[in-house]
Every structure is written in structure tokens, then in C-alpha cells.
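I have placed the structure first, in the form of C-alpha cells, so that the comments after it can refer back to it.
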Protein chains: 2
Amino acid sequence: MRKRKPSPKRRSGCPLNASVEMLGDRWSLLILRDMMLRGFRTYKEFLKSHEGIATNILADRLRKLEAHGIITTKRDPADGRKLIYLLTAKGIDLAPVLTEMVLWAARHEETGNQALVRQIQNDKEQFLAAVRQRWAEKTIRSTAN
Amino acid sequence: MRKRKPSPKRRSGCPLNASVEMLGDRWSLLILRDMMLRGFRTYKEFLKSHEGIATNILADRLRKLEAHGIITTKRDPADGRKLIYLLTAKGIDLAPVLTEMVLWAARHEETGNQALVRQIQNDKEQFLAAVRQRWAEKTIRSTAN
DNA sequence: CCATCTTACTTGTGAAATGCAAGTGCAGAC
DNA sequence: GTCTGCACTTGCATTTCACAAGTAAGATGG
């Protein structure tokens with residue numbers, strides 16, 4: 001597991017602060033959710049899907065996530081216009097954070113997607129294992145091409 | 001467990017989106033960390049501590065966290081100038097989210113506070129139980145006054 | 001091989017959020 | 001009554017954001 005050298009302008013060394021500086025905005029975690037749970041991989045999918053992110057913001061977030069080593073890109077071998085965005089190991093390792101946030105909101109707010117919520121509540125570890133396995137399969141297929 | 005009616009202007013019903021809309025900024029989670037782990041309870045403590053939040057932003061974030069039912073305030077009975085900020089049950093229930101974020105950053109970044117990290121890694125459930133118990137004790141003392 | 005379409009962006013503009021410095025109002029201490 | 005401490009608010013410059021429009025490079029159809 002390769003670690004980055006400490007960024008020069010970090011506000012503090014607290015690990016929570018590090019997470020917040022990478023993920024603490026209104027879009028990054030939603031993009032990661034789409035990659036992790038919905039299997040989205042291209043710019044267009046992110047753009048037209050979910051909560052309606054602006055195109056310049058999406059480009060900026062993808063750039064930042066890549067700079068932080070959370071995602072990578074590769075050209076689609078079948079269509080040279082397409083860039084395929086993939087989660088790195090560091091990225092897929094955010095799965096427990098996302099699931100805890102989903103569980104928390106589901107406990108305290110009126111939310112949709114109860115199927116997902118119940119699946120996580122039913123067996124969290126199994127859910128995480130499934131997420132990780134789907135990622136591993138996809139990643140092998142993708143990097144093999 | 002009382003739930004809020006769905007906010008009219010939510011971008012989507014996804015539970016992750018709900019969490020992100022309440023907590024997805026550069027300060028809210030740090031304030032909650034200070035309450036949960038460092039025992040901070042007053043405006044002044046939040047202000048002069050941690051990563052240097054601006055006073056107007058702090059006032060704004062505290063207002064929003066209270067509006068979302070994550071924290072409450074009460075007057076200090078011993079000093080009428082002081083407001084004491086306390087985590088609600090919904091607030092302390094964010095402990096698993098914070099710990100997962102700490103663990104993730106500790107795994108993938110160079111961060112400080114290794115003592116805390118090792119304590120969580122060593123036994124996550126015990127750590128969470130201790131956090132919850134400290135909260136329960138403080139809350140009983142506080143609301144009894 | 002040329003026109004057209006798709007994809008992944010960038011650019012421009014106004015609105016909103018943020019950061020910083022200074023000031024206000026109220027409670028308590030002296 | 002003055003002075004200090006606490007929890008803010010206000011004003012202003014800077015940064016970030018959202019929305020609309022435009023662009024470059026690769027694919028597609030004739």
C-alpha cells in the first residue's frame with residue numbers, strides 16, 4: 001500500500017481532516033457511489049445520471065479524485081472518444097464509509113432506495129464482500145484489455 | 001426514533017445524498033469530531049481549536065447542524081453567557097461514519113494521531129462502545145442540571 | 001473523404017459560499 | 001458603572017459554484 005507524501009497545505013494531520021479535504025464536498029461521494037454501486041464508468045453516465053451535477057464541476061471532481069489516487073482513467077479500447085473511469089484499491093476501500101453513511105441516513109431520515117438499505121442492514125459484511133468482488137472482477141477485465 | 005418529513009428541496013431520495021447534503025462540506029464533520037472525541041462543547045473551543053474555522057462559518061455550521069437535529073444547545077447554568085453544544089442521539093450515531101473515515105485515511109495517507117488510529121484498529125467495536133458511553137454519561141449529567 | 005454526431009471536456013458569466021477583520025449585545029466580575 | 005469574556009453579526013474581497021454555450025478529437029454514415 002503506497003502512501004502519498006503529506007500534502008504541504010494540509011490544515012492538520014488529523015486523519016479525519018485528510019478524509020474531509022479529499023471527500024468533503026457535495027459531489028465526490030455521489031460520484032463514488034455511482035461507480036461503486038451503479039457501475040457507472042464514463043463522463044456521460046455521471047453527467048446525465050444522479051442529482052444533476054454541472055459539467056465543469058464534474059470535470060473538476062474527477063480530476064481531483066484522480067489526483068488523490070481514488071480513481072484512474074483509461075481509454076476505451078472499443079471507442080477512442082470514451083474515457084473509462086475506474087476505482088483504485090484506495091477508492092474501493094471507501095466502501096465502508098459509504099455504507100455507514102447510507103445506514104445513518106436510513107436510520108434518521110426519510111429516504112428512498114429501501115432495497116439497498118435492507119440489503120446492507122441484513123448483512124453488512126456480505127454486502128461489502130460483494131461490492132469488493134464485483135470491483136475485482138471488473139478491474140481484472142479492464143486492465144487485461 | 002423520530003424522522004423528519006422529507007425536505008422539499010432534496011436533490012434525490014438516495015440515503016447517501018441525504019448524508020452528503022447534511023455533512024458534505026469542509027467543516028461539519030470536524031466540528032462533530034471535536035464534540036465526539038475531544039469533548040468540546042462551546043463556541044470558543046471550536047473556534048480556537050482545530051483547523052482554524054472562521055467565526056461566521058462556525059456560527060452557520062452550528063445552526064445547520066442544529067436544524068438537522070444532529071446537535072442541540074443549552075445555556076450553561078453556571079455562566080449565562082455560555083451556550084453548551086451537545087450531540088443528539090442522531091449526532092452520536094455518526095460515530096461509525098467518523099471512525100471509518102479515520103481508518104480509511106490512516107490506511108492510505110500519512111496522518112498524525114496514530115494513538116487514536118491504533119486504538120480504533122485494535123478494537124473498533126469497543127472504541128465505539130466507549131464513545132457512546134462517554135456521550136451517555138455527559139448527556140445525563142447535562143440534561144439533569 | 002467529407003459532413004455529422006458523440007464524448008469529454010473548456011470558457012464565460014452571474015450567483016452563492018467562504019475567509020478575514022472589525023464590530024455588537026449581553027452576562028458576569030470587580 | 002466600567003471592564004472583560006463569550007457568542008455571535010456585519011461588511012467586504014476572494015473563491016467556488018451553477019448554468020449555458022462552445023470546442024476539439026474520435027466515430028459514423030454515405
Side-chain angles (χ1 to χ4, degrees), chain A residues 7 9-12 17 20-31 34-35 38-68 71-87 142 145, chain B residues 7 9-12 17 20-31 34-35 38-68 71-87 142 145:
Chain A
S7 170
K9 47 183 176 220
R10 248 215 220 126
R11 295 180 299 189
S12 88
N17 180 58
V20 164
E21 292 194 356
M22 287 184 275
L23 307 168
D25 69 82
R26 303 179 84 65
W27 295 107
S28 298
L29 288 169
L30 296 180
I31 294 170
D34 283 348
M35 299 182 78
R38 307 218 250 237
F40 289 7
R41 315 199 307 170
T42 64
Y43 193 88
K44 199 192 177 188
E45 285 175 313
F46 299 128
L47 199 61
K48 74 177 179 187
S49 158
H50 68 42
E51 288 78 3
I53 187 169
T55 172
N56 55 343
I57 304 294
L58 175 57
D60 180 71
R61 289 305 115 87
L62 290 170
R63 221 179 289 124
K64 283 179 178 163
L65 288 172
E66 187 174 10
H68 286 129
I71 65 175
T72 0
T73 57
K74 67 180 277 263
R75 285 277 153 202
D76 185 339
D79 183 344
R81 291 169 302 180
K82 286 188 185 165
L83 268 182
I84 297 183
Y85 293 91
L86 295 166
L87 291 164
S142 255
N145 278 343
Chain B
S7 172
K9 49 184 173 220
R10 222 176 264 153
R11 294 179 300 187
S12 86
N17 180 58
V20 163
E21 291 195 355
M22 286 185 275
L23 306 168
D25 69 83
R26 304 182 87 65
W27 294 110
S28 297
L29 288 169
L30 297 179
I31 294 169
D34 283 348
M35 298 182 80
R38 309 218 248 236
F40 290 6
R41 313 198 308 167
T42 64
Y43 193 88
K44 200 193 177 186
E45 285 176 311
F46 299 127
L47 200 61
K48 72 175 183 198
S49 157
H50 69 44
E51 288 80 5
I53 188 170
T55 172
N56 55 342
I57 304 296
L58 175 58
D60 180 70
R61 289 306 115 90
L62 290 170
R63 221 177 292 124
K64 283 178 180 166
L65 288 172
E66 188 175 9
H68 287 128
I71 65 175
T72 359
T73 56
K74 67 180 279 262
R75 285 276 154 202
D76 185 340
D79 185 344
R81 291 170 302 179
K82 286 189 183 164
L83 266 183
I84 296 181
Y85 293 90
L86 296 167
L87 291 164
S142 251
N145 277 341

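Every chain is numbered from 1, with letters handed out A, B, ... down the list of sequences. The figures here come from the full heavy-atom set of this structure, side chains too, leaving out hydrogens, waters and symmetry mates.
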**Message:** Taking B:F40's backbone N and O only, do any of them form a donor-acceptor pair with B:D34's side chain (distance below 3.5 Å, no angle check)?
**Reply:** no

**Prompt:** Got a donor-acceptor contact below 3.5 angstrom from the A:E21 side chain to the B:R26 backbone?
**Reply:** no

Nearest to the side chain of [X] - [options]?
| X | options | value |
| --- | --- | --- |
| B:A54 | C:dA8, C:dA21, C:dG19 | C:dG19 |
| A:Y43 | C:dT18, D:dT9, C:dA8 | C:dA8 |
| A:K82 | C:dT7, D:dC17, C:dA22 | C:dT7 |
| A:Y85 | C:dA8, C:dA21, D:dA7 | C:dA8 |
| B:N56 | D:dG11, D:dC17, C:dG28 | D:dG11 |
| B:L83 | C:dG19, D:dA7, C:dT7 | D:dA7 |
| B:R81 | D:dT4, C:dA8, D:dT9 | D:dT4 |
| B:T55 | D:dC8, D:dA21, C:dT18 | D:dC8 |

Roughly how many Å is it from [atom1] in [X] to [atom2] in [N], rounded to a whole number?
| X | N | atom1 | atom2 | value |
| --- | --- | --- | --- | --- |
| B:K48 | D:dA7 | NZ | P | 10 Å |
| A:I57 | D:dC19 | CD1 | P | 10 Å |
| A:L47 | C:dT10 | CG | C1' | 14 Å |
| A:L58 | C:dC9 | CG | P | 8 Å |
| B:D60 | D:dA7 | CG | C1' | 15 Å |
| B:E51 | C:dC20 | CD | P | 14 Å |
| B:R61 | D:dA7 | CZ | P | 19 Å |
| B:R26 | D:dT15 | CZ | P | 15 Å |

**Prompt:** More 5' along DNA chain D: B:L62 or A:G80, using each one's nearest nucleotide?
**Reply:** B:L62

**Item:** Passing option when B:F46 is tested against B:L58, B:T55, B:L30 for side-chain contact (heavy atoms from CB on, under 4.5 Å)
**Value:** B:L58

**Message:** Counting C-beta onward and ignoring hydrogens, is there a side-chain heavy-atom pair between B:L83 and B:T42 closer than 4.5 Å?
**Reply:** no

**Message:** Is any side-chain heavy atom of B:R10 closer than 4.5 Å to one of B:N17?
**Reply:** yes

**Request:** Establish, with yes or no, whether the OP1 or OP2 oxygen of D:dA7 is under 4.0 angstrom from a side-chain nitrogen or oxygen of B:R63.
**Result:** no

**Asked** Starting at the 5' end of DNA chain C and moving along, which residue's nearest nucleotide shows up first, A:A59 or A:D79?
**Response** A:D79

